[in-house]
Amino acid sequence: MCGDCGCSSAETITLEERVMARNDALAMANRDLLAARRVRAINLMSSPGSGKTTLLERTVRDARRPIAVIEGDQRTPLDAERIRRAGAPAVQINTGAGCHLDAAMTRRAIQDLDLVRDSLLFIENVGNLICPALFDLGEEASVVIVSVTEGADKPLKYPHMFQAADLVVINKVDLLPYVDFDLGACRAHIATVNPAATIMAVSATRGDGLPQWYDWLY
Ligand SMILES: Nc1nc2c(ncn2[C@@H]2O[C@H](COP(=O)(O)OP(=O)(O)O)[C@@H](O)[C@H]2O)c(=O)[nH]1
Ligand SMILES: [Mg+2]
């Protein structure tokens with residue numbers, strides 16, 4: 001039995017499997033829809049405050065292709081407003097108590113956005129290093145941001161998130177002189193949990209590493 005809820009753990013596992021299977025089917029449908037419009041979708045994940053929205057604002061201002069953004073937060077339209085001010089269409093999803101976006105939410109947001117052919121779609125997931133890694137949204141690539149104020153050990157502590165990443169961005173390198181953060185160790189930890197991941201160090205505010213980010217993106 002699992003605590004107070006009265007259900008057996010076997011029933012819980014079956015329900016979880018059904019939820020994940022349904023999500024995976026919807027994610028595949030999203031992937032097909034996006035591919036048909038030649039839209040490259042990127043799932044952007046990190047702890048709250050790592051700089052996801054800041055990097056997106058900068059990317060929108062420097063855009064070489066049309067960009068649209070889906071913003072996920074538990075509450076407030078704040079991040080979608082930031083993206084619109086930077087110059088791109090954005091849809092905000094508020095998950096309430098939820099800790100991640102799922103494929104159904106993403107589908108509704110895709111329908112609300114008038115996606116342009118040959119464009120980029122960023123999906124800024126709800127900020128945490130755990131749940132978003134479990135849910136396929138139909139993205140083409142996953143990007144995880146870790147910032148130098150979070151500590152170099154996070155890839156080891158939250159390996160599932162870093163294993164899901166095609167690219168890991170180490171952000172806020174402008175703060176390296178002021179924080180105790182071992183960049184080499186962080187790179188090594190990322191490579192330990194995900195040897196295939198591309199790793200780049202950037203400062204979304206000062207601009208370090210942005211040429212590499214744009215090379216990867218375009
Ligand atoms: N020093 C520094 N601050 C940054 C950088 N990127 C983001 N920030 C700041 O970090 C805070 C959180 O950024 P935000 O983009 O909202 O993070 P999000 O929660 O991941 O979307 C804001 O105060 C940003 O100005 C950076 O490269 N360097
Ligand atoms: Mg944000």
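Atoms within each ligand, like the ligands themselves, are counted from 1 in listed order.
- For residues 88-111, there are no salt bridge (charged side-chain N to carboxylate O under 4.0 Å, His left out) pairs, not counting sequence neighbours.
- Checking Thr53 against Asp79 by side-chain atom types alone, a donor-acceptor pair falls below 3.5 Å.
- In terms of protein heavy-atom proximity, atom 12 (C) of ligand 1 is closest to Gly49 O, 3.5 Å.
- For the pair Arg206 and ligand 1, no heavy-atom separation below 4.0 Å is found.
- A salt bridge links Asp136 with Arg31: at least one charged nitrogen is closer than 4.0 Å to a carboxylate oxygen.
- A donor-acceptor contact shorter than 3.5 Å is absent between the side chain of Glu150 and the backbone of Val148.
- Listed here is the closest heavy atom pair of Gly51 and Asn171: CA-ND2, 3.7 Å.
- Nearest protein neighbour of atom 17 (O) of ligand 1, counting heavy atoms only, is Gly51 N, 3.1 Å.
- At a cut-off of 3.5 Å, with distance as the only test, a side-chain donor of Asn125 or Asn43 sits close to an acceptor on the other residue.
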- Task: Would you sort out whether Met20 and Leu134 count as a side-chain contact (heavy atoms from CB on, under 4.5 Å), showing the intermediate values?
- Result: CA-CA 9 Å; Met20 297 313 286; Leu134 301 172; 4.3 Å; yes

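- Interface atoms of ligand 1 facing Asp174, defined by a heavy-atom separation under 4.0 Å, are 1 (N), 2 (C), 26 (C), 27 (O), 28 (N).
- Here Leu56 contributes atom CG and Ile67 contributes atom CD1; the two are 8.0 Å apart, rounded to the nearest 0.5 Å.
- In this structure, atom 26 (C) of ligand 1 is in close contact with the protein, since a protein heavy atom lies within 4.0 Å of it.
- At least one heavy atom of Ser50 lies less than 4.0 angstrom from ligand 1.
- Of the options Glu124, Met45, Arg82, Lys52, the smallest heavy-atom separation from atom 16 (O) of ligand 1 is shown by Arg82.
- At least one donor-acceptor pair closer than 3.5 Å links the side chain of Asn128 to the backbone N or O of Cys99.
- A donor and an acceptor atom, one from each side chain of Thr14 and Glu17, are nowhere located under 3.5 Å apart.
- Closest heavy-atom approach to atom 14 (P) of ligand 1 among the candidates Thr149, Thr54, Val169: Thr54.
- Below 4.0 Å from some heavy atom of Leu175 lie the following atoms of ligand 1, by number and element: 1 (N).
- For the Mg ion (ligand 2), the neighbouring protein N/O/S atoms at less than 2.8 Å, given as residue and atom, are Thr53 OG1, Asp79 OD2, Glu124 OE2.
- Inter-residue side-chain proximity for Ile110 and Leu33 is flagged as met; some heavy-atom pair is nearer than 4.5 Å.
- Scanning all protein heavy atoms for the shortest distance to atom 8 (N) of ligand 1 gives Lys172 CE, 3.7 Å.
- Side-chain atoms of Ser119 and Arg38 include no donor-acceptor pair closer than 3.5 Å.
- Contacts between Asn171 and ligand 1 below 4.0 angstrom, taking non-hydrogen atoms only, involve the side chain exclusively.
- Note that atom 1 (N) of ligand 1 has protein non-hydrogen atoms nearby, at separations under 4.0 angstrom.
- Using a 4.0 Å cut-off between heavy atoms, Thr53 contacts ligand 1 through both its backbone and its side chain.
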